[in-house]
Amino acid sequence: MKANLSARRARAARALAPVAALLLAGTAACDSDTTSEGTDRGVHTLTPEPEESPSESPSPRTQESFAASVSAESERVRQEATKRLDEVEGRGNAVADVSVTGLPLSGSEEVRSARVRVTNPTDESAFYAVKVEFVDAEDKVLDTVAVGIEDAPPDRTVDAQANSRKAAGVKTFPRVAQAERD
């Protein structure tokens, strides 16, 4: 039994020898004089040290300016869609290309949203102007929202979102009132 125990210890020592050697080498490498300056010549930095610290001034493109530019662009496209829909008589030439689906909402949301899906069946990119109505259970229109989709690619489906604050808090059903493809 004593011989069996000695054999086990010998096998364990052989198995742990590489680990012990690695630990000793790591400890020796870390053991340095704390009064010296600079880095060890064996250490290579892949990225250069900055010549000066970064300035405290904001970058030219802050999150606020980005959000403002996205909002301005969205508003520009919405206004273009509204302008084009004002010129359309009837339901428009692209009602068959468009579908809307109400998005689920929680009780705390202040906006009622619908997903607008546009499939461009033509051979060229097109601008789509879509008027979405949010109606209640009695088919009363609570709000009308215009959505513009620029450069809808040919033979592809593109999603957009129509949002209504007026229809918030009421169970509504979105529907396509007009859709025009230019």
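Just so it is clear, the structure is predicted and the values come from calculations on it, not from any experiment.
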- Which side chain to side chain donor-acceptor pair (under 3.5 Å) pairs, counting each pair once, include a residue from residues 146-155, with sequence neighbours left out? Arg76-Glu150
Nearest 0.5 angstrom please: [X] [atom1] to [Y] [atom2], how far?
X	Y	atom1	atom2	result
Leu103	Ser113	CG	OG	5.5 Å
Asn163	Ser74	CG	OG	10.0 Å
Leu142	Thr172	CG	OG1	7.0 Å
Glu180	Asp182	CD	CG	5.5 Å

- Message: Keeping Arg84 on the side-chain end and Val130 on the backbone end, is there a donor-acceptor pair under 3.5 Å?
- Response: no
- Cluster overlap Val77 with Ile149, hydrophobic side-chain contacts below 4.5 Å: no
- Message: Hydrogens and angles aside, do Arg117 and Ser99 bring a side-chain donor and acceptor to less than 3.5 Å of each other?
- Response: no
Is any side-chain heavy atom of [Y] closer than 4.5 Å to one of [X]?
X	Y	result
Arg165	Glu110	yes
Val176	Val132	no
Arg181	Asp97	yes

Write down the atom of [X], the atom of [Y], and the distance for their closest heavy-atom approach.
X	Y	answer
Gly90	Gln178	O-NE2, 2.8 Å
Ala146	Leu85	CB-CD1, 4.3 Å
Phe127	Gly148	CZ-CA, 4.1 Å
Pro174	Gly102	CG-N, 3.4 Å
Val95	Gly92	CG2-O, 4.2 Å
Val98	Tyr128	CG2-CD2, 4.5 Å

- Item | Full working for side-chain contact (heavy atoms from CB on, under 4.5 Å) between Val147 and Gln161 | CA-CA 8 Å; Val147 176; Gln161 191 165 324; over 6 Å; no
- Task: Pick out which of Val100, Val145, Thr144, Val170 makes a side chain to side chain contact (heavy atoms under 4.5 Å, CB included) with Phe134.
- Result: Val145
- Query: Has Asp159 got more than 12 heavy atoms of other residues, nucleotides or ligands less than 6.0 Å from its CG?
  - Reply: yes
